[in-house]
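One structure below.
Numbers for residues simply follow the sequence, beginning at 1.
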Amino acid sequence: MARRSVLSIRIVEGRNLPAKDITGSSDPYCIVKIDNEAIVRTATVWKTLSPFWGEEYEVQLHPTFHSISIYVMDEDALSRDDVIGKVCITRTMLAEHPKGYSGWVSLSEVDPDEEVQGEIHLCVELLEGEGGQRLRCTVLEARDLAKKDRNGASDPFVCVSYNGKTQESTVVKKSCYPRWNEAFEFELPDPPAEKLCVEVWDWDLVSKNDFLGKVVVSVQGLQAAGHQEGWFRLQPDTAKPREDRRRGSLGSLQLQVRLRDETVLPSCCYQPLVQLLCQEVKAGHQTGGVHLVTLLDETTTAESRQDVAVNLVKLFLGQGLVKEFLDLLFELELAKPCEPNTLFRSNSLASKSMESFLKVTGMQYLHAVLGPTISRVFEEKKYVELDPSKVEIKDVGCSGLHRVQTESEVMEQGRQLLQSYLGELLDAIGKSAPTCPPVIRAAFRQLFQRVGERFPQHQHTQFVAVTSFLCLRFFSPAIMTPKLFHLRDTHADARTGRTLLLLAKAVQMVGNMEPAAGRAKEEWLAPLQPALQHGASRMRAFITRLVGTEEEEEGGEGWPCAPRAAVVKEGLLFVHKTRGKGPLLASASKKLHFCLTGEALSFAKSPGVERCGSIALANIRAAERVEEKSFGSCHVMQVVYVDEAGQQETAYLQCKCVNELNQWLSALRKVCGNNPQLLHAYHPGVFRGDKWSCCHQKDRTGPGCGQTRHSITLQDWSDPLQPDVEAQRLFQHLHGLQEPLREKYWQLMEAGGAHDGPRGCGEGRGGGEDRGRDPPAPHPHQRRCVWGLLPAPEGSHCPPPNPRTPAAPRAPTALRGAAGPGALPPPAAPRRPRPAGAADVMERAGMGGQGGVGCASSVAIKVQIRPAMRPESL
């Protein structure tokens with residue numbers, strides 16, 4: 001069983017930010033910190049007070065984290081970046097919004113006395129003496145204190161106050177991980193004072209000392225226990241009077257934040273649910289049956305449909321049934337009444353699943369196709385405009401030595417550039433059919449065939465169905481916002497953004513296969529019409545090649561798993577030399593090309609040349625940050641590993657920015673997460689001379705002074721599949737839809753006896769005269785369970801509910817991790833002897849006893865999809 005917290009955060013935009021530059025504007029960006037550790041940095045939006053980012057991140061955290069802080073900064077080229085304001089969201093606040101928070105939040109001013117972090121190790125005890133009781137407080141050490149000095153450290157000391165008396169510790173210079181080991185004693189009055197206060201300060205020679213945090217210990221509680229020792233989290237000084245803050249005058253941020261606390265049970269607990277879903281997908285579309293996929297599509301809200309689609313796609317990728325799953329969705333979607341020109345244009349479960357499938361399996365393909373053209377547009381920064389109402393002659397860059405271009409000349413130049421970009425992009429797309437991932441080609445081939453069967457007289461619709469996903473939902477969004485698809489590290493400026501928008505519009509019109517329709521809406525696109533028509537014919541030829549080959553698909557039976565040597569991440573990193581004898585430390589080059597695979601972290605002088613050495617993943621013990629003061633940079637990470645001789649060594653590698661640092665740390669932590677000998681503590685500094693720079697220990701092999709953060713990782717589309725996590729999320733979703741699923745089931749049954757869809761085309765409709773009659777014998781597939789065996793709370797030993805009697809409704813309670821306190825009861829049905837087929841299903845699902853399948857606690861939850869009478873008919 002594993003407990004985890006996953007934070008989804010989307011920074012949408014800001015508005016009414018204050019001007020920080022002399023030009024009357026700002027260059028804002030955001031830094032997201034989890035407990036004061038920078039996790040994400042958005043791109044800078046230049047020269048604006050109302051920036052739009054639209055960046056979305058998912059971070060896996062340790063369940064014990066405390067708060068999330070979002071700092072809005074103004075980037076400066078020559079000086080330190082200015083702080084505009086911040087938003088602080090505590091874990092308690094997130095717990096009050098289990099479905100997430102979405103809205104505008106005002107920025108508040110940054111108060112230095114509230115910028116506290118870290119923990120302090122204290123031992124407080126009561127001593128008996130001749131003169132009475134005495135209170136002793138031993139200050140042992142502290143860790144991860146805030147950095148208040150320009151050298152990237154602090155000079156901390158401690159003030160211990162009790163009953164009006166204060167004692168101070170010695171000052172530990174240049175350390176955020178100080179060790180004092182000093183004891184302070186106070187006489188205990190009668191009656192004793194209530195609180196003992198321990199404050200940590202940063203000592204400054206000239207200026208005022210900086211506050212680092214405090215801890216308040218209750219003496220009354222200590223009298224009952226007599227002794228208290230442990231790590232205490234430092235808190236801000238809320239008792240100190242503060243000036244009114246400029247909340248609201250600093251602008252605001254639009255955020256979407258959601259925290260999911262999950263308890264992932266062993267795989268055996270999810271097997272019945274997974275098997276149930278797989279059985280339905282393998283059986284395919286059954287005439288006269290109500291599919292669980294249909295129920296999910298009809299009952300899932302628009303806000304959660306994207307998440308459900310991602311979970312289903314990843315689950316079936318792991319099971320090797322993603323093609324069959326998508327094919328079932330295509331059939332169910334095509335069974336609904338629809339027009340050829342609006343096919344797959346809605347945000348149904350089929351559309352969202354196919355869109356998510358392309359992102360999970362096709363990001364490398366997307367980068368290979370679009371990358372060169374996107375880079376060219378960014379590098380050239382040419383002015384492209386076709387709309388006469390938006391043409392600005394001054395943007396062409398004319399000088400006094402040349403005549404000013406006319407509006408028609410500017411538009412003609414823009415047409416030629418846009419046509420050049422579009423031609424280059426279509427060339428790349430046309431040549432990419434053989435390199436398209438086989439599993440994507442198989443999915444498009446199935447879609448092409450299903451649409452052809454549904455609309456035999458509209459062959460044009462087959463091609464539009466493919467381009468509705470490939471162009472409209474995959475290529476065009478990536479062209480418009482390359483930063484969000486990791487094609488670029490920064491957002492486009494206004495000129496480049498307009499060029500990308502026009503290019504995306506052109507690709508969309510090519511994908512529609514009817515350029516004349518786009519021309520009717522925007523007449524100024526008429527000069528581009530010949531290029532669009534030629535592009536539509538080229539796109540048609542590309543789709544014919546894409547879906548025309550029936551070769552055996554590699555990985556077609558499941559996730560397109562690459563060999564273990566597949567590259568997880570690679571790039572150039574700067575190597576800092578320190579004391580050591582490892583293979584990396586002996587290299588003569590300072591900048592090396594690193595390549596992380598499923599087997600090792602290897603390095604070479606440049607890409608494509610023979611590697612100089614490698615570190616086996618099994619030998620890596622930790623991947624953590626390094627203090628800024630160690631190398632003068634806050635973008636340095638350390639990889640702690642064991643060499644061939646069994647000696648522990650550390651490699652210090654510098655990245656170019658905080659995002660690259662977190663990407664490398666996340667990649668290393670994911671591939672090494674199962675190493676049995678991972679460290680629990682490490683040294684954030686470096687060993688120089690005769691001591692560690694972080695805690696000043698002189699033992700080079702001594703225990704670390706900081707906690708490792710193996711569980712903090714950034715989630716990405718290319719992450720390894722986690723079937724148990726996806727099954728757990730699907731279970732939570734199903735558990736929250738008990739009543740809607742039951743009601744939708746009866747609606748579909750009442751509409752005509754288990755038809756293909758909510759309002760299926762053609763067959764399955766029944767009149768009112770059939771209501772109340774015994775339904776025909778159910779198809780074998782219809783006797784399958786809709787809800788399988790689902791995990792119950794820890795320690796419960798609930799027997800399976802009697803399938804002949806409807807389970808009593810239970811009061812809804814909050815889910816704790818994987819499972820709620822109850823099972824999904826079956827819908828009310830006639831009290832008839834259970835068919836033999838249902839008993840067989842229960843037996844195969846392991847529901848025959850009081851316990852679960854392979855785990856201590858399981859509850860059988862079973863609803864049979866078969867024609868039945870309404871409860872009212874009884």
| message | Does E187 form a side-chain contact (heavy atoms from CB on, under 4.5 Å) with R134? I'd like the steps, not just the answer. | response | CA-CA 5 Å; E187 293 183 359; R134 297 181 64 83; 3.3 Å; yes
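- Residues forming a side chain to side chain contact (heavy atoms under 4.5 Å, CB included) with E570 (at least two apart in sequence, or on another chain): V567, H593, C595.
- Checked by atom type, the side-chain pair Q133/E128 shows a donor-acceptor distance below 3.5 Å.
- Around the CD atom of E141, the shell of radius 6.0 Å holds more than 12 heavy atoms that belong to other residues, nucleotides or ligands.
- Taking 4.5 Å as the limit, every side-chain heavy atom of V219 sits out of range of all side-chain heavy atoms of F186.
- Figure legend: R688 and F631 shown as a cation-pi pair, the cationic atom lying under 6.0 angstrom from the six-membered ring centre and within 45 degrees of its axis.
- Between R179 and Q697, the closest side-chain pair of non-hydrogen atoms falls below 4.5 Å.
- Residues satisfying the side chain to side chain donor-acceptor pair (under 3.5 Å) criterion with T708, sequence neighbours excluded, are H710.
- Side-chain contact between I68 and L94: present, with at least one pair of heavy atoms (C-beta onward) separated by less than 4.5 Å.
- Shown here for V87 and S106, the closest heavy-atom pair between the two residues is CG2-O, 3.9 Å.
- Proximity of a side-chain donor or acceptor of S169 to a complementary backbone N or O of V158 within less than 3.5 Å is detected.
- When all heavy atoms are compared, the tightest approach of K656 to D489 is NZ-OD2, 3.7 Å.
- Under 3.5 Å, the side chains of E660 and H635 contain no donor-acceptor pair of N or O atoms.
- Here the straight-line distance linking atom CZ of R136 with atom NE2 of H227 works out to 10.0 Å at 0.5 Å rounding.
- Side chain to side chain, E55 and T42 fail the donor-acceptor criterion of an N or O pair below 3.5 Å.
- Among the candidates R3, R4, Q728, the single residue satisfying the side chain to side chain donor-acceptor pair (under 3.5 Å) test with T263 is R3.
- Classification of K33 and E115 as a salt-bridged pair fails, no side-chain N sitting under 4.0 Å from a carboxylate O.
- Using a 4.5 Å heavy-atom cutoff, the side chains of L573 and V575 are not in contact.
- The backbone N or O of W201 lies less than 3.5 Å from no partner atom in the side chain of D210, so there is not a single donor-acceptor pair.
- Taking 4.5 Å as the limit, some side-chain heavy atom of P178 sits within range of a side-chain heavy atom of L145.
- For the pair D261 and R91, the salt-bridge criterion is met [side-chain N within less than 4.0 Å of a carboxylate O].
- Proximity of V32 to Y57: side-chain heavy atoms (C-beta onward) are nowhere separated by under 4.5 Å.
- In terms of heavy atoms, V200 sits closest to P156 at CG1-CB, 4.3 Å.
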| Could you go step by step and tell me if L7 and I34 meet the side-chain contact (heavy atoms from CB on, under 4.5 Å) rule? | CA-CA 10 Å; L7 173 71; I34 309 295; 3.9 Å; yes
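- Looking at residues two or more places apart in sequence or on another chain, you find a salt bridge (Lys or Arg N to Asp or Glu O under 4.0 Å) between E624 and R669.
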| message | Is there a side-chain contact (heavy atoms from CB on, under 4.5 Å) between C705 and R143? Walk through the geometry before answering. | response | CA-CA 7 Å; C705 55; R143 63 189 179 196; 5.9 Å; no
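- Within the 3.5 Å criterion, the main-chain N or O of D27 finds a donor-acceptor partner in the side chain of D74.
- Evaluation of the side chain to side chain donor-acceptor pair (under 3.5 Å) rule for N674 yields no partner, not counting sequence neighbours.
- For N619, the side chain to side chain donor-acceptor pair (under 3.5 Å) test picks out no residue, with sequence neighbours left out.
- In this structure a side-chain-to-backbone donor-acceptor pair under 3.5 Å is missing from T490 to A43.
- Within the structure, salt bridge (Lys or Arg N to Asp or Glu O under 4.0 Å) pairs that include any residue of residues 152-176 do not occur (at least two apart or interchain).
- To the nearest 0.5 Å, the span separating CD on E199 from CZ on F211 amounts to 5.5 Å.
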Expected list for residues 676-687: side-chain donor-acceptor pairs under 3.5 angstrom, two or more places apart:
{"unit_1": "Q677", "atom_1": "OE1", "unit_2": "R621", "atom_2": "NH2", "d": "2.7"}
{"unit_1": "H683", "atom_1": "NE2", "unit_2": "G702", "atom_2": "O", "d": "3.4"}
{"unit_1": "H683", "atom_1": "NE2", "unit_2": "P703", "atom_2": "O", "d": "3.1"}

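- Side-chain N or O atoms of S26 include none that pairs as donor or acceptor with a backbone N or O of P28 at under 3.5 Å.
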| query | Going through the distances and angles, do W53 and L253 end up as a side-chain contact (heavy atoms from CB on, under 4.5 Å)? | reply | CA-CA 11 Å; W53 291 287; L253 279 182; 3.7 Å; yes
| task | Go through D716 and K569 one step at a time and tell me if the salt bridge (charged side-chain N to carboxylate O under 4.0 Å, His left out) criterion holds. | result | CA-CA 12 Å; D716 192 71; K569 185 169 180 59; over 6 Å; no
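- In terms of heavy atoms, A146 sits closest to Q117 at N-CG, 3.5 Å.
- Taking the side chain to side chain contact (heavy atoms under 4.5 Å, CB included) definition, one finds that S666 meets it with K670, T713, L714, sequence neighbours left out.
- Judged as a salt bridge (Lys or Arg N to Asp or Glu O under 4.0 Å), and not counting sequence neighbours, E182 has no contacts.
- Proximity of a side-chain donor or acceptor of S175 to a complementary backbone N or O of C694 within less than 3.5 Å is detected.
- Remark: the backbone N or O of N151 is not paired with any side-chain donor or acceptor of D149 at under 3.5 angstrom.
- The minimum heavy-atom distance between V216 and K195, with the atom names listed, is CG1-CD, 3.6 Å.
- Looking only at side-chain heavy atoms (C-beta outward), I120 and W231 stay at 4.5 Å or farther from each other.
- Remark: the backbone N or O of K147 is not paired with any side-chain donor or acceptor of D202 at under 3.5 angstrom.
- No donor-acceptor pair under 3.5 Å is formed between the side chain of S8 and the backbone N or O of E58.
- Residues satisfying the side chain to side chain donor-acceptor pair (under 3.5 Å) test with T64, not counting sequence neighbours, are H62.
- Every residue two or more places apart in sequence or in another chain that forms a side chain to side chain contact (heavy atoms under 4.5 Å, CB included) with V83 is listed here: M73, V110.
- Under the 4.0 Å criterion applied to side-chain N and carboxylate O atoms, K86 and E114 are not assigned as salt-bridge partners.
- C634 pairs by the side chain to side chain contact (heavy atoms under 4.5 Å, CB included) definition with E628, not counting sequence neighbours.
- Remark: side-chain polar atoms of N662 are paired, donor with acceptor, to backbone N or O of I39 under 3.5 angstrom.
- A pairwise comparison of heavy atoms in A38 and I31 identifies CB-CG2, 4.2 Å as the closest pair.
- F574 has its side chain out of reach of V636: every pair of non-hydrogen atoms, C-beta onward, lies at least 4.5 Å apart.
- With rounding to the nearest 0.5 angstrom, the CD1 atom of I9 is 5.0 Å from the CD1 atom of I11.
- For Q256, the CD atom counts as densely surrounded, since its 6.0 Å shell holds more than 12 non-hydrogen atoms of other residues, nucleotides or ligands.
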